[in-house]
Amino acid sequence: MSAASDDLTRQRPDRNLALELVRVTEAAALACAPLVGAGEKEAADQAAVDGMRYALHSIRMDGTVVIGEGEKDEAPMLYNGERIGDGSPPQVDIAVDPLEGTTLAAHGMPSALAVIALSSRGTMFDPGPCVYMEKMAGAPEIADLMDLDRPLAQTVKLIAERKGHPVGDVMVVVLDRPRHEQGIREIREAGARVRLIAHGDVSAALLAVTERSPVDMLWGIGGTPEGVISAAAIKCLGGQLLGRLWPRDDTERQAAIDAGYDVQRVLDCNDLIADDDVFFSATGVTDGDVLQGVRYPHAGGATTESLVMRSRSGTVRRIRATHDRAKLRALGVERV
């Protein structure tokens, strides 16, 4: 083997990483699940972070956190630039959200997830100072119809035409925020319907590209970190996600421009994750449309459901697992 090919072999993420990552999201979900419904948002987030960090350091990789969710609201986090793994090759970028939907978990609401995405070093988009972006996502059969500059009413009509359905059958999932009132009005005036969600736009993006989903498209302004993580999942599942940075004020806009960001540019999945070998894992914390949450069928056990995917192979696995809670406590994954 030549030196060049040997170097490529050392640096390329190994296929076994996909199944390693599911242990990471399981650990985060199991760690925070005892706090579901307890009303303790920060405590649940911290537990998920601790569980995820514990599992990450056992994986054979040299990882750098590019997206450390929590920065925009000063929540506990795996911080940007943190080195994770045991330091051995491959070198990879990591995007994490140990508890996507902290409020959902705290209030026992649906669709809280533990998520992680991984790609080769230097391929993951760094949001810089812009913590929000406008996003649109859809499944493979309508991926070419995604357009952030086209009026929403026209887009939902094109989706209906493509699918051969009345426009009234089209459902768009949108975060329930005042900033979306005009867009929601446009969608409804076109005859389409809106599914409002309180939090959790990674789960919503997954729903938008999943087969036999009740949702046709995701639209709205949400977190840029969640946009990068969602792009990783969509590169594995198929479909398209478009994003455009959305500075919250003139100060943030100028900071982005000074850092070299084009705030007018529309980014697609390949811009957000510039790699064809992407890994993604999500484990349900609370029950939702995409994944079942952590459950306790009896006093000593717990069950989890996870999605783990790899873009290079196109493999999508749905993994149901059972766990011994006493052993988890002994390992420090679940707190007493």
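As the structure is a computational prediction, the values presented were derived from the model and not from experiment.
Residues Ile221 and Met133 form no side-chain contact, since every pair of their non-hydrogen atoms from C-beta on lies 4.5 Å or further apart. For the pair Val285/Cys32, a side-chain contact is recorded, criterion being any heavy-atom separation below 4.5 Å from C-beta on. Side-chain atoms of Val65 and Ile84, non-hydrogen and from C-beta on, do get closer than 4.5 Å to each other. Side-chain atoms of Arg244 and Cys130, non-hydrogen and from C-beta on, never get closer than 4.5 Å to each other. A heavy-atom distance below 4.5 Å is found between the side chains of Glu100 and Glu226. Using a 4.5 Å heavy-atom cutoff, the side chains of Met109 and His199 are not in contact. Side-chain atoms of Asp62 and Val92, non-hydrogen and from C-beta on, never get closer than 4.5 Å to each other. Inter-residue side-chain proximity for Ser88 and Met61 is flagged as unmet; no heavy-atom pair is nearer than 4.5 Å.
Atom CG of Leu267 and atom CG of Leu241 lie 9.5 Å apart (nearest 0.5 Å). Interatomic distance, Asp86 CG to Arg60 CZ, rounded to the nearest 0.5 Å: 5.5 Å. Taken from CZ in Arg162 to OG1 in Thr155, the straight-line distance is 11.5 Å, to the nearest 0.5 Å. Within the model, atoms CZ of Arg318 and CG of Leu307 stand 4.5 Å from one another, a figure rounded to the nearest 0.5 Å. Taking CZ of Phe280 as the start and OG of Ser311 as the end, the distance is 12.5 Å to the nearest 0.5 Å. Rounding to the nearest 0.5 Å gives a distance of 4.0 Å between NE2 of His323 and CD of Glu26.
A donor-acceptor pair under 3.5 Å is formed between the side chain of Tyr261 and the backbone N or O of Gly128.
Grouped by direct or indirect side-chain proximity (heavy atoms under 4.5 Å, Ile/Leu/Val/Met/Phe/Trp/Tyr only), Val156 sits with Met136, Ile142, Leu145, Met146, Leu148, Leu152, Leu158, Ile159, Val167, Val170, Val172, Val174, Ile184, Ile187, Val194, Leu196, Met217, Trp219, Leu242, Val266. Think of Val263 as one node in a network of Ile, Leu, Val, Met, Phe, Trp and Tyr side chains linked at under 4.5 Å; it has no links at all.
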Derivation and outcome, salt bridge (Lys or Arg N to Asp or Glu O under 4.0 Å), residues Asp216 and Lys163 = CA-CA 10 Å; Asp216 297 284; Lys163 292 192 170 187; 2.5 Å; yes

Are Val96 and Ile67 close enough, and set up right, to give a side chain to side chain contact (heavy atoms under 4.5 Å, CB included), and what steps lead you there?
-> CA-CA 6 Å; Val96 298; Ile67 302 290; over 6 Å; no

Please test Asp275 against Ser120 for side-chain hydrogen bond (donor to acceptor under 3.5 Å, both in side chains), starting from the C-alpha separation and ending with a verdict.
-> CA-CA 7 Å; Asp275 192 7; Ser120 300; 2.9 Å; yes

Could you go through the side chain to side chain contact (heavy atoms under 4.5 Å, CB included) check for Asp287 and Arg295 one step at a time?
-> CA-CA 9 Å; Asp287 288 352; Arg295 295 186 180 182; 2.7 Å; yes

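Closest approach of Ala114 to Ala28, counting heavy atoms only: CB-CB, 3.7 Å. The minimum heavy-atom distance linking Leu78 with Val49 is given by the pair N-CG1, 4.1 Å. Residues Ala143 and Gln240 come closest through the heavy atom pair CB-CB, 3.7 Å.
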